[in-house]
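All values below were derived from every heavy atom in this structure, side-chain atoms included, with hydrogens, water molecules and symmetry-related copies excluded. Just so it is clear, the model here is predicted, and its values are computed rather than measured.
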Amino acid sequence: MKLEYDLVIIGGGPAGLAVALEARRNTVKDILLLERDKYLGGILPQCIHNGFGLQYFKEELTGPEYAERFIAKLNNTQIDVKTETMVIKITPDKRIIAINRDDGLLHIQAKTVVLAMGCRERTREAIAIPGNRPAGIFTAGTAQRYINIEGYMPGREVVVLGSGDIGMIMARRMTLEGARVKAVLEIMPFSTGLIRNKVQCLDDFNIPLKFNHTITRIEGRKRVERVTVSQVDKNLQAISETEEEISCDTILLSVGLIPENELTREIGIELDPITRGPIVNENRETEIEGIFTCGNVLHVHDLADFVSEEGEIVGRAVGEYLKRDRKFRSPPIKIVPGENIAYIVPQHIDFIVPGRKKIKIFMRVKKPAERVRINLLDDKGRVLGSYRKRIVTPGEMVSVYLPEVLLDDKLKNITISIKRD
Amino acid sequence: MPLVSVKTEKAIPKRLLLKAMVEIAEIEVKAPVKIGQVIKDDLMRTGVSLVATRNIKRVDSNLRS
């Protein structure tokens, strides 16, 4: 089956949904949304807890309700949607090969493509921990799917590795379903999750959170029976004298998310080694004109609300691209991470946009710090602009506005760095 | 097992949460279900309703999928 579309979106989660609606609002006509799962919404339908939409809708919604706001609007448009459809290849000239049970093999020619595949969970920590390979070890997101979508209880006596948001939320979820969560272990001296989650998921349920701790051994014949837990030193090495055993039948891993960029790599698009997502300009466009990306596949976000905003940037940009309504800067301006900055998105500014006053730049810091200055420096190290922030931490993405007036014609680099005030 | 996610319309006292979970575990509803539909009135006698947070279509199980 051969098809042609102005815009094909890979992924029907919050990013893809926002792109579809915004592109439609920007007069893009033939839009196809491809989703590999049975339903739209991405990860949101299994995130049955509160806290979504506070920024975007100014309301507090659960994940499925937030997703439905977009899905309902989608049903009133003529956007084509194919679920249970897996994209197996995308070529640099925007040909997409996909497969599903009803259509068989699909060959789609797109004028523009948006990569919105989201991310998956890291599992290598399980592989790296010595011991047996018993059943009962899950990533937190998998356990969430089992409980909230499939209706299965993964276990009864739980240890959680990682104090990211997913780990903390699942510690509470398991407890609410009658499990006993014995500890949440965090290898760093701080949590990468939201403070709100530490309070509402752990403190409120008397679940101990141990910083500077990790699992050093897993034991159990067919099923997990116990873990050995140790404190770690400044170099994250286990201190053997601090070893303790915790009996359990389930381990949940919440140790990081990896953007799913297999398709992206196959196209040949260069990825940023820190974000593990494509390198993009302010329209979230990759190095291939007309291939855009947004959401967790570009960089892992803290809130679905920000993913939706990023999707809107792309939806508008797709409209502009198709109308050939763009003016390029020559040369582009590179945005360079300086001191204590882990990464910055977008990595470069490509366009001259009459009437644009400022560009929002997003970044994550390497180490937490208080009372800092975020400095924007030009090629010669001169300070172009400076912002104060009370607290910065890796778990909360920081954004600053880059004023258009600073974007001199001859400017090639802007370095952003963080220093104590 | 087909599930529908739910929430209480408002916060209920923390001390009632685990007992409320037992009460909720015993509830069955028939599809279709609409977001906002009341699943149970007056949960744990708090006066707060339990509502659905997802739309669930009715599927005729006699049809081949």
Residue pair [X] / [Y]: nearest heavy atoms and the distance that separates them:
X: A/Ile149; Y: B/Arg54; value: CD1-NH1, 3.8 Å
X: A/Glu150; Y: B/Leu3; value: C-CD1, 4.3 Å
X: B/Leu18; Y: A/Leu176; value: CD2-CA, 4.0 Å
X: B/Met21; Y: A/Glu177; value: CE-OE2, 3.5 Å

- Output for pair (B/Ser5 OG, A/Gln46 CD), nearest 0.5 Å, gives 11.0 Å
More than 12 heavy atoms of other residues, nucleotides or ligands under 6.0 Å from [atom1] of [X]: yes or no?
X: A/Phe211; atom1: CZ; value: yes
X: A/Ile88; atom1: CD1; value: yes
X: A/Arg120; atom1: CZ; value: yes
X: A/Arg145; atom1: CZ; value: yes

- Under 4.5 Å heavy-atom distance to chain B, tell me which part of A/Leu44 shows up: side chain, backbone, both or neither.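 For A/Leu44, no heavy atom lies under 4.5 Å from chain B.
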- Item | Contacting region of A/Glu60 [heavy-atom separation from chain B under 4.5 Å] |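 Just the backbone, heavy atoms under 4.5 Å.
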- Among residues 47-59 of chain A, which ones touch chain B with a heavy-atom distance under 4.5 Å? A/Ile48
